[in-house]
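First up is the structure itself, then whatever we jot down about it.
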Amino acid sequence: VIANSLVDMLAKCGMLSEAREVVKGLPVQDVVSWNSLIAGYIKHELFDEALRCFEQMPVIGLTPDVFTFASIIKACGSLGASCKGQEIHADIARNGPLETDMVLGTSLIGMYATFGMLKEAQEVFDELPGWDMATLNALLAGYSQSGKDELVVNTFVKLIDENYKPDLLTFKILLDACIHMGLLDEGQRYFETMNTTIATNFTVEHYTCLIDLFGRAGHLHRAVLLIMEMPFHAN
RNA sequence: CUGUGGUGAAG
């Protein structure tokens, strides 16, 4: 247990060969040691190394668990490995109970979103027993990435109705969609509504996001106006 | 309450 914490720490710091050595030297390697290692590889974007570990697990008699799958599905997404990802998803589906895990579900949604496979993403979403903001953001990001800007906005409205509390990423996706559609006014209106109605404490980050989008969309004037309006020091 | 997992693109 203590050794696993060490592995995790080393892996998080990017000392991956050291982490691997520690795992190798363990008298009993369990699934947690390997999960930590895999998560480390992914954190440092060594996705194929993560996949290699994943394939190695059964060989040494370890059964991947829900943690392993959540990580490895993310790796498949980052690698653009859609076949591998779907293959692993099929294994997960065969495993019944895993399918209802929200974190794993979110990871799957994110993966399908990056592949532009909205139908699959939606299916995973619909099967889940519950959703949190990460799940919803993954789905919204998928819509956005596939150019379904109206769907982003509609879903956002629905989500507000259902009392979800959007976070910074939600705003980025929403505002991005608005501006993509050329709906600058709507975007800013949502922004202002959110700023006042919804009990969200807007930070300088939120403003930065909208300002950035205005600037990028070629509306420097509006960006400057916003900077002057915001209740912070410009930084 | 022994340790490990999830949320887009751009910059």
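Any value given below was found using the heavy atoms of this structure, including those in side chains, with hydrogens, waters and symmetry copies removed. Naming convention: chains lettered A, B, ... in sequence-line order (proteins, then strands); numbering from 1 in each chain.
- The ring-ring contact (aromatic ring centres under 6.0 Å, His included) search around A/Tyr112 returns A/His89, not counting sequence neighbours.
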- Note on the structure: Heavy-atom contacts, protein to nucleotides 5-11 of chain B, under 4.0 Å, summarised as B (base), S (sugar-phosphate only) or - (none) per nt, yield BBBBBB-

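- Annotation: side-chain contact (heavy atoms from CB on, under 4.5 Å) contacts of A/Ala141 (sequence neighbours excluded): A/Ile173.
- Among residues two or more places apart in sequence or in another chain, the side-chain hydrogen bond (donor to acceptor under 3.5 Å, both in side chains) test is passed with A/Lys43 by none.
- Straight-line distance between the C1' atoms of B/G8 and B/U4: roughly 25 Å, to the nearest whole Å.
- Comparing B/G5 with B/C1, their P atoms are spaced 14 Å from each other, to the whole Å.
- Within the structure, every pair that satisfies the salt bridge (charged side-chain N to carboxylate O under 4.0 Å, His left out) test and touches residues 110-123 of chain A, not counting sequence neighbours, is listed here: A/Lys119-A/Glu123.
- For residues 54-67 of chain A, the salt bridge (charged side-chain N to carboxylate O under 4.0 Å, His left out) pairs, not counting sequence neighbours, are A/Glu55-A/Lys84.
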